[in-house]
K.L.:
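Below is one structure. I have some questions about it.
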Amino acid sequence: MARDGATGGRVSVAGVGLDRGSDLPLYQQVAAHLRNQILDGRLSAGTRLLGSRRLAAELGCSRAIVLTAFDLLYSEGYLRSVPRGGVEVAAVARASAPPVPAPTPSSTASDDWLSQRWRSVLDTRYDFDLGSPFSTGTPDVSGFPFDVWSRLLRQTWANPPRSACVDMSPLGWQPLREATAEYLGAVRGLLCRPDEVAITSASSGALDLCCRMLLDPGDEVWVEEPGFIEARWSLKAAGAKLVPVPVDEKGLIVSEGIRRAPNAKLAVVTPSHQFPLGVAMNLERRQELLQWAGQHGAWIIEDDYNSEFRHRDSMTASLKSLDRVGRVVYLGTFSKVMLPSMRIGYLVASRLFTEAFARGRARIDVHTAGTTQLALAEFLRQGHLLRYLRRMRKVYAERQAAVLDALRTLMPDELEVPPTPAGLHLTALFRPVLEGRITDREVSRLSRASGNFIQPLSQCYLGEPDRQGLLVGYGRLDAKEAHPRLAAIAAALRSA
Ligand SMILES: Cc1ncc(COP(=O)(O)O)c(C=O)c1O
């Protein structure tokens, strides 16, 4: 920066090097330079700048770049124009000290600048590997009908109605709510009206909003033990006090929940296919749970994450379909049956709930992205999802059978694999012979080393685990690879 006779008292920017290899556009580099000079007092209020042509010549860039930088600084209040076309520095609050650099991952020694709730979310240790052939809950997308999908995306957006573009309901695109209600009747036997359905940003997004809607900080919430780690994150972020409630072969032990926290505000459960154990909650426990919720004014979130993939005929009715008092909020997702990255799911609840949900949502994130909703409504309406689902059920049933066979052949004395009628994973429990020899975390570590990462069951516990085991996902596992890949795990167990 120079002020001399040659510039007639105006300030030049001679010497400012523009970096043409940088990702930062040139006009932003010019603006950043001037802004910094103003903020640290080197350019004081009233200082006249050289004209844009002269500045451009000095910098060796086009005049348009200088004018764009000026426009930016005018809009930010750093510069103002003066009569007869000049530009001068405006009076702005100057930085009293050098600006504090924003924290970067390498300079952040601790997370104490984050809220306690966010820290409690980040503090949970969770080992997983979405790229592993044994990843739980990862569907196989290689046979997805992308040709149909892309045609529907194109068609629905060729001439969209105004309401799809600017004022979609917080509860989602009405034709999609209707198609989802019909789909749930056909696939889950869940009879509901479209006005009880809300389209959400997958089930994680729905859970997060429901937690904030229903809970105050410090409210007690029953969570299954062992349970779904990711659900606990939203609960913690909402300030909930988590109360682990054990699960046995009949599902959640409701009497234990009542003993530990009778006045809990909410219970989050996976009754059709408990995550991670895979058991279905029996009718008696379901009724006990509904009765407790009705008597205490508590809410139940039913996460029905992948019961569309039934491998046997036994379809377990949803808890929602038994709910006579309107305390169950049913969550479902298109992540598993279509594409996880689509981030679309739904909730089904009483109208009282969905109306309050809509009013709150309109103030938080408005609604789930609309682009996909239009195509998805057609995908459902034209029967593509049911066809795809029928195909994938066979594929996953074959993969489950291959994993069961491999586990039972390779490790019959070490692992016990309870029957699992649905889903994309099996949980193999350690038999007593392994006790004291090796932990599931150690097996998991060894599995990572061989490129076959398997999640340990013990990380799904909030408290001290009373069982050890392995969560063997098969969504994207080639059935032929089940045996050779699990043989590596068997060798690790034997050598322990
Ligand atoms: C128990 C459980 N619930 C829900 C989900 C689905 O999450 P989303 O719909 O957010 O993709 C998963 C995914 O793995 C899951 O395992």
Side-chain angles (χ1 to χ4, degrees), residues 121 124 126-132 134-141 144 172 176 180 183-184 188 197-211 221-235 237 242 247 251-252 267-281 300-309 316 318-320 329-348 365 368-369 372-373 376 385 392 396 420 422-427 453-457 459-462 471-477:
V121 171
T124 341
Y126 180 36
D127 280 338
F128 70 102
D129 178 358
L130 289 179
S132 163
F134 296 117
S135 164
T136 61
T138 311
D140 187 346
V141 297
F144 183 75
L176 180 56
T180 303
Y183 165 80
L184 286 172
R188 281 302 277 123
V197 175
I199 303 303
T200 62
S201 302
S203 46
S204 324
L207 180 69
D208 185 53
L209 286 172
C210 290
C211 291
V221 177
W222 294 4
V223 292
E224 294 168 325
E225 177 84 326
F228 184 43
I229 299 177
E230 293 169 39
R232 296 180 191 156
W233 294 334
S234 289
L235 289 163
L242 305 192
V247 172
L252 186 89
V268 180
V269 289
T270 49
S272 302
H273 181 238
Q274 201 273 335
F275 190 92
L277 298 176
V279 294
M281 191 188 286
I300 301 169
I301 290 185
E302 174 179 19
D303 176 2
D304 200 34
Y305 63 108
N306 61 9
S307 36
E308 291 97 337
F309 298 125
T316 325
S318 64
L319 189 63
K320 177 78 197 148
V329 180
Y330 175 95
L331 304 187
T333 181
F334 291 108
S335 292
K336 307 294 160 69
V337 292
M338 289 182 68
L339 310 168
S341 66
M342 203 167 75
R343 308 309 302 147
I344 297 207
Y346 44 86
L347 66 76
V348 182
D365 71 342
T368 299
T372 322
Q373 293 197 43
L376 182 54
L385 183 52
M392 294 313 288
Y396 295 138
T420 306
L424 296 178
H425 81 275
L426 288 166
T427 295
F453 179 78
I454 296 188
Q455 267 195 55
L457 171 64
Q459 74 172 351
C460 300
Y461 284 78
L462 204 54
L471 273 57
V472 189
Y474 47 80
R476 47 192 297 269
L477 176 75

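Just so we're clear, the structure is a prediction, and the values are computed from it rather than from any experiment. Whatever order the structure lists ligands and atoms in, that order sets their numbers, starting from 1.
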K.L.:
With no hydrogens and no angle check, just 3.5 Å: does a side-chain donor-acceptor pair link S204 and E230?
P.N.:
no

K.L.:
How are the rings of Y330 and Y346 set to each other: parallel, tilted or perpendicular (split at 30° and 60°)?
P.N.:
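Parallel: the ring planes of Y330 and Y346 meet at under 30°.
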
K.L.:
Do you know which of H425, H273, K336 makes side-chain hydrogen bond (donor to acceptor under 3.5 Å, both in side chains) with N306?
P.N.:
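Between N306 and the candidates, side-chain hydrogen bond (donor to acceptor under 3.5 Å, both in side chains) is satisfied uniquely by H273.
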
K.L.:
Taking all non-hydrogen atoms of both residues, which atom of T138 and which atom of R476 are closest, and how far apart?
P.N.:
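Scanning both residues, the minimum pair turns out to be CG2-CD, 3.4 Å.
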
K.L.:
Once the angle between the rings of F334 and Y183 is folded into 0 to 90°, is it parallel (under 30°), tilted (30 to 60°) or perpendicular (over 60°)?
P.N.:
tilted

K.L.:
Measuring from atom CG of D304 to atom CG of L347, what distance do you get when rounded to the nearest 0.5 angstrom?
P.N.:
13.0 Å

K.L.:
Could you pull out, from K336, E230, H425, the option with a heavy atom nearest to atom 14 (O) of ligand 1?
P.N.:
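Comparing heavy atoms across K336, E230, H425, the nearest one to atom 14 (O) of ligand 1 lies in K336.
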
K.L.:
Provide the number and element of each atom of ligand 1 under 4.0 Å from a heavy atom of R343.
P.N.:
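Taking each heavy atom of R343 in turn, ligand 1 has 8 (P), 10 (O), 11 (O) under 4.0 Å.
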
K.L.:
Look at atom 3 (N) of ligand 1 and say which protein heavy atom is nearest, naming residue and atom and giving the distance to 0.1 Å.
P.N.:
D303 OD2, 2.6 Å

K.L.:
What protein heavy atom lies closest to atom 11 (O) of ligand 1? Include the residue and the distance to one decimal.
P.N.:
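Residue, atom and distance for the closest contact: S335 OG, 2.7 Å.
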
K.L.:
List the closest protein heavy-atom neighbour of atom 10 (O) of ligand 1: residue, atom name, distance to the nearest 0.1 Å.
P.N.:
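In this structure, atom 10 (O) of ligand 1 has S204 OG, 2.3 Å as its nearest protein heavy atom.
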
K.L.:
With atoms numbered from 1 as shown, which atoms in ligand 1 lie under 4.0 angstrom from a non-hydrogen atom of T333?
P.N.:
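Those atoms are 8 (P), 9 (O).
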
K.L.:
May I ask you to identify the nearest protein heavy atom to atom 16 (O) of ligand 1, giving residue, atom name and distance to one decimal place in Å?
P.N.:
F228 CE1, 3.4 Å

K.L.:
Run the side chain to side chain contact (heavy atoms under 4.5 Å, CB included) check on V337 and F309 step by step: do they pass?
P.N.:
CA-CA 8 Å; V337 292; F309 298 125; 3.9 Å; yes

K.L.:
Before signing off on this row, confirm whether Y305 and ligand 1 have an N or O atom pair separated by under 3.5 Å.
P.N.:
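Y305 vs ligand 1: no N/O contact under 3.5 Å.
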
K.L.:
If you take the nearest heavy atom of each of S203, P340, P139, which one is closest to atom 6 (C) of ligand 1?
P.N.:
S203

